[in-house]
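Some notes on the structure that comes next.
This one's a predicted model, so the numbers in the text were calculated from it and none came from an experiment. Positions are given from 1, in the same order as the sequence printed here. Both ligands and their constituent atoms are indexed starting at 1 by order of listing.
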Amino acid sequence: MAKNVEKEKQLAAKAAVKFIKDNQVVGLGTGSSANYAIKEIGEIVKNGLKILAVPTSNKTKFLAESFNIPLIDINSITAIDITIDGADEFTSDLFLIKGGGGALLKEKIVASITKEEIIIVDSTKKVDILGKFKLPIEVIPFASNYVLNKIQLLKGLGKIRFVSDNPFITDEGNYIIDIDFGVINDPVLLSDKLNSIEGIVAHGLFIKLASKVIMGSNGSTMIFV
Ligand code: 5RP
């Protein structure tokens, strides 16, 4: 039977939003799955739940504002209670690839100060080993060629992301390069290697940042912890 991917995302979003409690600071992810959660959060805020939210992209900020979700500047807080975000791939031990929507930098910062990071996905995102989805890496435009050459030495092949005829520009004015590393057997090692390349602002490997993944599947949800 064909998977109803949108339904699975909605189910995961609804399940995740139930973890939000009154007076919490809530991180809002970016992407189509996160958008379902933001819509649900808009509903519970309308019904009286008091939260303050930190968006992970300009798109998410506009969407949250359209639902009258109160926002707070991340620089005025030291921690986020709970964040709901999507992912492009995940494994059962909660390693993730993120950044398909190009918002990985703020998503990673928000995840890093979040106490409970809940990832919501449809069932197509589950993999045994990461690497089918090309790894998004945010680079300073000045360093893009240097970074591509360095990454080739790590056996990664990729190119700058384009939209129509122009490079995709992130909220922070950077480029995204999408890299095919083949099967990523050791995401921790690859993450460490990428972290040491000058010019990389953030990469889409999320290691030990997710607290749980809620996956929509067969009209229900499964939770990976
Ligand atoms: C954006 C992301 C998204 O969470 C990821 O691309 C998944 O998106 P979607 O929920 O639309 O499948 O990392 O930078």
Side-chain angles (χ1 to χ4, degrees), residues 3-17 26-41 53-64 74 80 82-91 94-112 114 116-127 130-139 158 160-163 167-180 184 187 191 194 200-207 209-217 221-222 224:
K3 286 183 175 171
N4 188 338
V5 165
E6 294 309 309
K7 187 82 207 150
E8 290 183 351
K9 289 178 186 179
Q10 280 175 42
L11 281 171
K14 273 181 194 289
V17 167
V26 180
L28 304 175
T30 296
S32 57
S33 313
N35 287 351
Y36 287 122
I38 295 164
K39 190 163 176 257
E40 291 292 327
I41 293 169
V54 178
T56 53
S57 64
N58 292 340
K59 267 190 195 160
T60 288
K61 179 172 180 282
F62 295 139
L63 188 65
I74 193 170
I80 293 172
I82 180 167
T83 290
I84 301 177
D85 201 353
D88 300 298
E89 274 186 3
F90 79 99
T91 61
L94 308 191
F95 290 127
L96 315 175
I97 286 183
K98 285 185 51 55
L104 65 154
L105 175 56
K106 282 191 196 158
E107 289 173 338
K108 206 174 228 185
I109 294 165
V110 163
S112 299
T114 290
E116 186 173 20
E117 174 89 5
I118 303 185
I119 300 299
I120 52 174
V121 289
D122 62 80
S123 58
T124 65
K125 306 287 182 64
K126 181 158 185 330
V127 294
L130 297 178
K132 219 176 341 150
F133 192 90
K134 291 196 180 95
L135 184 69
I137 299 180
E138 181 158 346
V139 294
I160 296 171
R161 187 182 298 179
F162 270 68
V163 179
F168 174 91
I169 305 290
T170 68
D171 285 353
E172 285 71 37
N174 295 316
Y175 289 170
I176 298 284
I177 55 177
D178 294 298
I179 307 290
D180 185 356
I184 301 174
S191 171
L194 293 173
I200 291 182
V201 186
H203 60 75
L205 284 171
F206 279 45
I207 312 283
L209 288 173
S211 314
K212 56 169 78 74
V213 175
I214 303 182
M215 182 180 87
S217 173
T221 53
M222 285 175 69
F224 298 82

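Shortest contact from atom 11 (O) of ligand 1 to any protein heavy atom: S32 OG, 2.5 Å. For atom 13 (O) of ligand 1, the nearest protein heavy atom (residue, atom name, distance) is G99 N, 2.8 Å. Looking only at protein heavy atoms, the nearest one to atom 3 (C) of ligand 1 is T30 O, 3.2 Å.
Numbered from 1 in the order shown, with element, the atoms of ligand 1 that lie under 4.0 Å from a heavy atom of K9 read 12 (O). Proximity to D85 (heavy-atom distance under 4.0 Å) selects the following atoms of ligand 1: 4 (O). Of all atoms in ligand 1, listed by their number and element, those nearer than 4.0 Å to a heavy atom of D88 are 5 (C), 6 (O), 7 (C), 13 (O). In summary, the atoms of ligand 1 found under 4.0 Å from a heavy atom of G102, numbered by their order in the structure, are 14 (O). Near G31, meaning under 4.0 Å from any of its heavy atoms, are these atoms of ligand 1: 11 (O).
Across G86, A87, S33, heavy-atom proximity to atom 10 (O) of ligand 1 is greatest for S33. Of the candidates K106, K125, E107, E89, the one placing a heavy atom closest to atom 12 (O) of ligand 1 is K125.
For the pair K9 and Y36, the cation-pi test (distance below 6.0 Å, angle within 45°) is failed.
Remark: side-chain polar atoms of S211 are not paired, donor with acceptor, to backbone N or O of I118 under 3.5 angstrom. Judged purely by atom type and a 3.5 angstrom limit, T221 has no side-chain atom pairing as donor or acceptor with the backbone of A12. Between the side chain of E89 and the backbone N or O of K132 there is at least one donor-acceptor pair closer than 3.5 Å. In terms of modelled atom types and a separation under 3.5 Å, the side chain of D171 and the main chain of A103 share no donor-acceptor contact. Listed for the D122 side chain is no donor-acceptor partner under 3.5 Å among the backbone atoms of N4.
For ligand 1, none of its N or O atoms has an N or O atom of A34 under 3.5 Å away.
Open room surrounds NZ on K14; 12 or fewer heavy atoms of other groups in view lie less than 6.0 Å from it.
Ligand 1 lies nowhere less than 4.0 angstrom from a heavy atom belonging to G29.
Side-chain N/O atoms of E8 and S123 include a donor and acceptor closer than 3.5 Å.
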